Amino acid sequence: YALAANTTGSYNVASGPYALYVNTTNSNNTALGYRAGFSSIGTGNVFLGYQSGYYETGSNKLFIDNALRASEADGRTKALIYGIFDAATANQYLTVNGQLQVTGTGNSYISGNVGIGTTGPGAKLQINTGADATIGQIIKGNSGVQTANLQEWQNNSGYILGSIKNNGDANLSVISP
């Protein structure tokens, strides 16, 4: 019953009972899973998982989920992963509704600003605690065997402007103009 109502839509891929069931004329959708993208009437969507994006009617959306949500808005805020595709990179959007863990042996990086406790960071890293009694940052060394500085501030030449050592001592360099 996948793509059962499709009449003129093209380049759609649907696998699973009732996947892209309501889609009639829209194209470029991919749905994998029982009722994935069931109500979809948009184009360029990707739905992965059991009933993922069931109520979604927009275009250029990404859903990775495994549950029927109560509404279109509920699906966007509770799907494990929700995203928006756009030709302009700045307008693309990815939400992970759960804990995010990045592991690996190589380097990981973010080229934009990172906000913790804020959706609009004004610097490469901005931490807003949200409460006066909340610790804003904890840096722990390696079980007493830490030999490098716990934290360093460097200029663009790599010169250490300040540091906090493993024993808690703080060093600040004075550079004359």
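Computation of the quantities below employed the complete heavy-atom set of this structure, encompassing side-chain atoms and omitting hydrogens, waters and symmetry-equivalent molecules. Just so it is clear, the model here is predicted, and its values are computed rather than measured.
In this view, Thr24 satisfies the side chain to side chain donor-acceptor pair (under 3.5 Å) rule with no residue, not counting sequence neighbours. Partners of Arg69 under the salt bridge (charged side-chain N to carboxylate O under 4.0 Å, His left out) rule, at least two apart in sequence or in another chain, are Asp65. Taking Ala88 as the reference, Asp86, Asn91 meet the side chain to side chain contact (heavy atoms under 4.5 Å, CB included) condition, with sequence neighbours excluded. By the side chain to side chain donor-acceptor pair (under 3.5 Å) test, Asn28 pairs with no residue at all, sequence neighbours left out. By the side chain to side chain contact (heavy atoms under 4.5 Å, CB included) test, Thr57 is found to be paired with Ile41, Glu72, residues two or more places apart in sequence or in another chain being considered. Remark: Thr119 engages no residue in a side chain to side chain donor-acceptor pair (under 3.5 Å) (not counting sequence neighbours). With sequence neighbours left out, Asp169 forms a side chain to side chain donor-acceptor pair (under 3.5 Å) with Asn167.
Taking Ile, Leu, Val, Met, Phe, Trp and Tyr as members and joining any whose side-chain heavy atoms lie under 4.5 Å apart, directly or through other members, the hydrophobic cluster of Tyr93 also contains Leu3, Leu20, Phe47, Phe63, Tyr82, Ile84. Here Ile116 sits in one hydrophobic cluster together with Ile110, Val114, Leu125, Ile127; the rule is ILVMFWY side chains under 4.5 Å apart, joined directly or through other members. Other residues sharing the hydrophobic cluster of Ile135, ordered by chain and number and joined by side-chain separations under 4.5 Å: Ile138.
Across all their heavy atoms, Ser163 and Asn149 have their closest contact at CB-ND2, 3.4 Å. Closest approach of Asn26 to Asn6, counting heavy atoms only: O-OD1, 4.4 Å. Residue Asn171 comes nearest to Lys165 through the heavy atom pair ND2-CE, 2.9 Å, listed as atom of the first residue, atom of the second, then distance. For the residue pair Ala31 and Ala19, the shortest heavy atom distance occurs at CB-CB, 4.1 Å.
Note on residues 48-62: pairs passing salt bridge (Lys or Arg N to Asp or Glu O under 4.0 Å), not counting sequence neighbours, are Glu56-Arg76. Residue pairs satisfying the ring-ring contact (aromatic ring centres under 6.0 Å, His included) criterion with at least one member in residues 6-37, sequence neighbours excluded, are listed as follows: Tyr1-Tyr18, Tyr18-Tyr21, Tyr21-Phe38, Tyr34-Tyr50.
A donor atom on one side chain and an acceptor atom on the other are not found under 3.5 Å apart for Thr25 and Thr8. Donor-acceptor pairing under 3.5 Å is recorded for the side chains of Asn128 and Gln126.
For the pair Leu94/Ile81, a side-chain contact is recorded, criterion being any heavy-atom separation below 4.5 Å from C-beta on. Side-chain contact between Ser40 and Val22 is absent, with no heavy atoms from C-beta onward closer than 4.5 Å.
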So Thr43 and Ser27, side-chain hydrogen bond (donor to acceptor under 3.5 Å, both in side chains) or not? Walk me through it. CA-CA 5 Å; Thr43 61; Ser27 302; over 6 Å; no

For Ile160 and Glu152: C-alpha separation, side-chain torsions, deciding distance, then whether side chain to side chain contact (heavy atoms under 4.5 Å, CB included) applies. CA-CA 7 Å; Ile160 298 172; Glu152 285 185 356; 3.3 Å; yes

